[in-house]
2 protein chains.
Amino acid sequence: MQYTVKEVAKFAGVTIKTLHHYHKIGLLKPCKITNAGYRLYGSTELEQLQQILFYRELDFSLEDIKKALKDEPSRLECLTNQHELLMARKQRLERLVKTIEDSIVHAKKGEVMDKSKMFNGFNKEEWENALSEQGKYLKEKYGYTMPKVKEHQVDNLNEQATEAKQFICGISNALKNGWKADDERIQQMLENHILCLKNHSHNINAQSFAAQAKFFVEDDFHRNMLENEQIGLSYYLCIAAELYAASN
Amino acid sequence: MQYTVKEVAKFAGVTIKTLHHYHKIGLLKPCKITNAGYRLYGSTELEQLQQILFYRELDFSLEDIKKALKDEPSRLECLTNQHELLMARKQRLERLVKTIEDSIVHAKKGEVMDKSKMFNGFNKEEWENALSEQGKYLKEKYGYTMPKVKEHQVDNLNEQATEAKQFICGISNALKNGWKADDERIQQMLENHILCLKNHSHNINAQSFAAQAKFFVEDDFHRNMLENEQIGLSYYLCIAAELYAASN
DNA sequence: CGTAAGCCCTCCTCCAAGGTAAGAGTCAAG
DNA sequence: CTTGACTCTTACCTTGGAGGAGGGCTTACG
């Protein structure tokens, strides 16, 4: 089956001009050209076009796309690579959303925002560099940056409270960032938290923790505590704990 | 506190040239220019730059950004709009990720993919539909073309959509106000909604609705829809529906 | 058969959003 | 007072197309 420029353009959501352009620079050649000079594209070309568009979405220059497709002719490899890049871009977007949310909070309070925070997500390097080693670890594990914890605060007495706070904070951020309740990182957080509770001689396991979370939803005091931290948190925690218990 | 071009550029992750350019076209003027002609920026200008960058991220042209900032001088309003557009973009990205995952599956099996599926997420019409009314309004106003809405879709479907929107809005408010998930008023809302669905020939009852709500938590698309409305909403709805089904 | 409506072609110019480079002034430290 | 880092303006270049002119296909209809 072969398609004219108009058909391809409609499929892919590009203009005919774009197809002309890609032909001219040798990025996407039609599989056949009629006597009259009409361009005709086959399904192979459609696949190529799809890949081109993915790369374009990732702000590759057309020149770079050409190279990428030449260097990596295996479609599967290409797609996998693109998938990874897209995910990275999604994370960047999520940081931007977070920055904007921070800005909204500050704007509501009429406060001035910190200059470096203000451009969080725009400047990649800076973001990475701003993270301390510990922060990085936390970020990877919990997806947020902790305000620096001072060493002397972390003595045995309030270790548990600190952990609980971190846990709540982490779950809350996960909710804000839209992570699914069965996201691996959350399951990991739950596991750590439950382990920590165990270490402090609470007799607890995944099941009983889920039951406790359910109780939090029903109990006014605990629900309010959680909901004050973040609207919806008690419900999110309840479902996350349930899923964790079920998968355990 | 005032900053030179280099400092601002470093903060915001842009080049000095970009600042020059924005100055030239009148998009971002320095708050002061020294005798030697050096540009100096204050914190107001940093805020403006932040907003410009958010809009740029959303592929607004600089001309459109200028208009947007002129028409909507309230920072808070601006930020809220940008937040919404960013979330829409995130959804689009998620669709692209899905498309690429589909493509990988097909590629592994060596199958050829359906042409329309192949470009899912690229086609503008589709993702414009994902935008809320406000987002649409914004894009229209500042130079985005909207696809035409077909008339015949807009009667019967519309009624249902209106009810659904009201329902979601009501539940969302309940969550924000801290009502318990088994609050009588919520149970009432659920009953009405399910009744309404029944009237439109969905074969549904309390149990299947609860199952559906659970599915919403798991399904990326539906969860995002709800979470965009209000963080935690999908989880709240899931638990409320569960309790309603249980008491029924 | 002619002709009109859609397609399609090439070639040309134009646009935004900067990048690059040249040539020169400014500033702070030593 | 010199040196190096910083800044300015001006002018031209680049990318990824958009728009339009001018002119061929193709096909359906009378």
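Lettering of chains follows the sequences in order, A, B, ..., and the numbering in each one begins at 1.
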A.B. asks: Step by step, work out the salt bridge (Lys or Arg N to Asp or Glu O under 4.0 Å) result for A:E57 and B:R92.
C.D. replies: CA-CA 11 Å; A:E57 183 67 26; B:R92 175 173 177 240; 3.1 Å; yes

A.B. asks: Any carboxylate oxygen within less than 4.0 angstrom of a Lys/Arg side-chain nitrogen, looking at A:E101 and A:K176?
C.D. replies: no

A.B. asks: Quick check: on DNA chain C, is the nucleotide nearest B:R56 upstream (toward 5') of the one nearest B:T34, or the reverse? Name the residue that is more 5'.
C.D. replies: B:R56

A.B. asks: For nucleotides 4-15 of chain D, read 5' to 3', which letter fits each nucleotide if B means a protein heavy atom sits under 4.0 Å from the base, S means only the sugar-phosphate is that close, and - means neither?
C.D. replies: --BSSBB-----

A.B. asks: Kindly write out the residues that satisfy side chain to side chain donor-acceptor pair (under 3.5 Å) with A:D64, not counting sequence neighbours, or none if the list is empty.
C.D. replies: A:S61

A.B. asks: Quick one: does any side-chain atom of B:E45 pair with a main-chain N or O of B:G42 as donor and acceptor, under 3.5 Å?
C.D. replies: yes

A.B. asks: Between B:Y235 and A:Y235, is the ring centre distance below 6.0 Å?
C.D. replies: no

A.B. asks: Measure up the A:Y3 and A:F11 rings against each other and bin them: parallel (under 30°), tilted (30 to 60°), perpendicular (over 60°).
C.D. replies: perpendicular

A.B. asks: Could you check B:Q50 against B:R75 for side chain to side chain donor-acceptor pair (under 3.5 Å), going step by step and ending with a plain yes or no?
C.D. replies: CA-CA 11 Å; B:Q50 187 205 27; B:R75 178 164 163 77; 2.9 Å; yes

A.B. asks: What's the CD1-C1' distance between A:I33 and D:dC25, to the nearest Å?
C.D. replies: 15 Å

A.B. asks: Regarding B:T15, tell me which of base, sugar-phosphate or nothing describes its non-hydrogen contacts under 4.0 Å with the strands shown.
C.D. replies: sugar-phosphate

A.B. asks: Would you mind reading off the distance between A:I52 atom CD1 and D:dG16 atom C1', rounded to a whole angstrom?
C.D. replies: 13 Å

A.B. asks: Is the backbone N or O of A:N120 less than 3.5 Å from a side-chain atom of A:T99, with the two atoms forming a donor-acceptor pair by type?
C.D. replies: yes

A.B. asks: Can you give the first and last nucleotides of DNA chain C, 5' to 3', that have an atom under 4.0 Å from a heavy atom of chain B?
C.D. replies: C:dA17 to C:dC27

A.B. asks: Should A:Y22 be listed as having a side-chain N or O under 4.0 Å from OP1 or OP2 of D:dG16?
C.D. replies: no

